[in-house]
Asks: 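Okay, here's the structure, questions in a sec.
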Amino acid sequence: MSIEVIGVVGAGQMGRGIAQVAAEAGLTAHLLDVDMATAENGVEQVARTLSRRVEKGELSADARTAILSRVRPTGDYASFADAQMVIEAATERFELKAELFRRMDEAAPEGAILASNTSSISITKLAACTTRPELVVGMHFMNPVPVMKLVELIRALQTSEATFAATRALAERLGKTVITSLDRPGFIVNRMLIPFINEACFVLEEGIGTPEEIDAGAKLGLNHPLGPLALADLIGLDTCLAIAEVLHSQLGDDKYRPAPILRNYVAAGWLGRKTRRGFHDYSERR
Ligand code: NAD
């Protein structure tokens, strides 16, 4: 199956990144959020990202215009009528995603693939919310989507080989390298990453080091490009906490219990870069 038109549900940092890389590869992307204004805001962020690339001489102004013309904001699921695939990239909460999958299933044409960009939630459970479980798959992009090369693909118990092959072909067309994970909480990447970030939160909470020291420890001592607290701020502390809760509840091992400081930051609304305050301060940045 050739995929030329996609729908994306959720115009946050991941959804708009997915719409952007799809449009750069020549696909049309309908970008949906709770309402038209939020979806339009997502397209404006894509426009800003592309403008920066034009300023740096990496992209022509004509190419920017052409890419942007293929990202279509919408608040209405009826826009997905011509899509061969719909990718869900909304907030990391099972009940919300279950509801979104029911709506995607109603709106998408027969035979269209329904994918989730979830970081941790069972694809098998999401597939079971639809009338087309064999067409449901996990397609986990990394952040920032235009920069990061990896896509982790997850087969639900019900996913057909044809669905998996078409999703792999799309990921490769978007210039990504694919790894395949079993459908287990956090898959491969977040099963490793979130306990690391959570431990960094405990290190901070116990006063063992400052945020700067913890991040320098990982950057200069482990050769990581970004320290765990700076990475948590990039991901969003709400998303990190939601993933940690899935690991803890679904794997049933207290070693995954979220650090109280992470819960407190989320309760305070200090979610990282997206609110300009997290473990680090971003109030001065554009
Ligand atoms: P975000 O907070 O930036 O964006 C979430 C978006 O979902 C918002 O625009 C919100 O308005 C929208 N949304 C909420 N309810 C909705 C609804 N009912 N209908 C339509 N849209 C709705 O979050 P994000 O970082 O983009 O994460 C989105 C998904 O991608 C999550 O499942 C997350 O686990 C996953 N993910 C995140 C990262 C990361 O680094 N942040 C990386 C890989 C995967």
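Because the structure is predicted, anything quoted here is derived from the model rather than measured. When a ligand or atom number is given, it counts from 1 through the structure's own listing order.
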Asks: Once you round to the nearest 0.5 Å, how far does CG of Leu174 lie from CG of Leu170?
Replies: 4.5 Å
Asks: Return a table of N or O atom pairs, ligand 1 on one side and protein on the other, at distances under 3.5 Å, rounded to 0.1 Å.
Replies:
residue: ligand 1; atom: 2 (O); partner: Lys274; partner atom: NZ; Å: 3.0
residue: ligand 1; atom: 3 (O); partner: Gln13; partner atom: N; Å: 3.1
residue: ligand 1; atom: 9 (O); partner: Gly12; partner atom: N; Å: 3.3
residue: ligand 1; atom: 9 (O); partner: Asp33; partner atom: OD2; Å: 2.7
residue: ligand 1; atom: 11 (O); partner: Asp33; partner atom: OD1; Å: 2.6
residue: ligand 1; atom: 11 (O); partner: Asp33; partner atom: OD2; Å: 3.4
residue: ligand 1; atom: 21 (N); partner: Asp33; partner atom: OD1; Å: 3.4
residue: ligand 1; atom: 25 (O); partner: Gln13; partner atom: NE2; Å: 3.1
residue: ligand 1; atom: 26 (O); partner: Gln13; partner atom: N; Å: 3.3
residue: ligand 1; atom: 26 (O); partner: Met14; partner atom: N; Å: 2.9
residue: ligand 1; atom: 30 (O); partner: Asn117; partner atom: ND2; Å: 3.0
residue: ligand 1; atom: 32 (O); partner: Ala90; partner atom: O; Å: 3.1
residue: ligand 1; atom: 32 (O); partner: Glu92; partner atom: OE1; Å: 2.5
residue: ligand 1; atom: 32 (O); partner: Lys97; partner atom: NZ; Å: 2.8
residue: ligand 1; atom: 34 (O); partner: Glu92; partner atom: OE1; Å: 2.8
residue: ligand 1; atom: 34 (O); partner: Ser119; partner atom: OG; Å: 2.6
residue: ligand 1; atom: 36 (N); partner: Ser119; partner atom: OG; Å: 3.2
residue: ligand 1; atom: 40 (O); partner: Asn143; partner atom: ND2; Å: 3.0
residue: ligand 1; atom: 41 (N); partner: Gln13; partner atom: NE2; Å: 3.2
residue: ligand 1; atom: 41 (N); partner: Ile235; partner atom: O; Å: 2.9

Asks: Supply the members, apart from Val147, of the Ile/Leu/Val/Met/Phe/Trp/Tyr cluster built from side-chain contacts under 4.5 Å; use none for a lone residue.
Replies: none
Asks: Sequence neighbours left out, what passes side-chain contact (heavy atoms from CB on, under 4.5 Å) with Ala156? Give chain and number order.
Replies: Ile123, Thr124, Ala127, Gln158, Thr159
Asks: State which residues pass salt bridge (charged side-chain N to carboxylate O under 4.0 Å, His left out) with Arg273; sequence neighbours excluded, sorted by chain then number.
Replies: none
Asks: With heavy-atom distances below 4.5 Å as the criterion, would you say the side chains of Met85 and Met139 are in contact?
Replies: yes
Asks: Using the ring centroid of each side chain, check whether His224 and Phe196 are separated by less than 6.0 Å.
Replies: yes
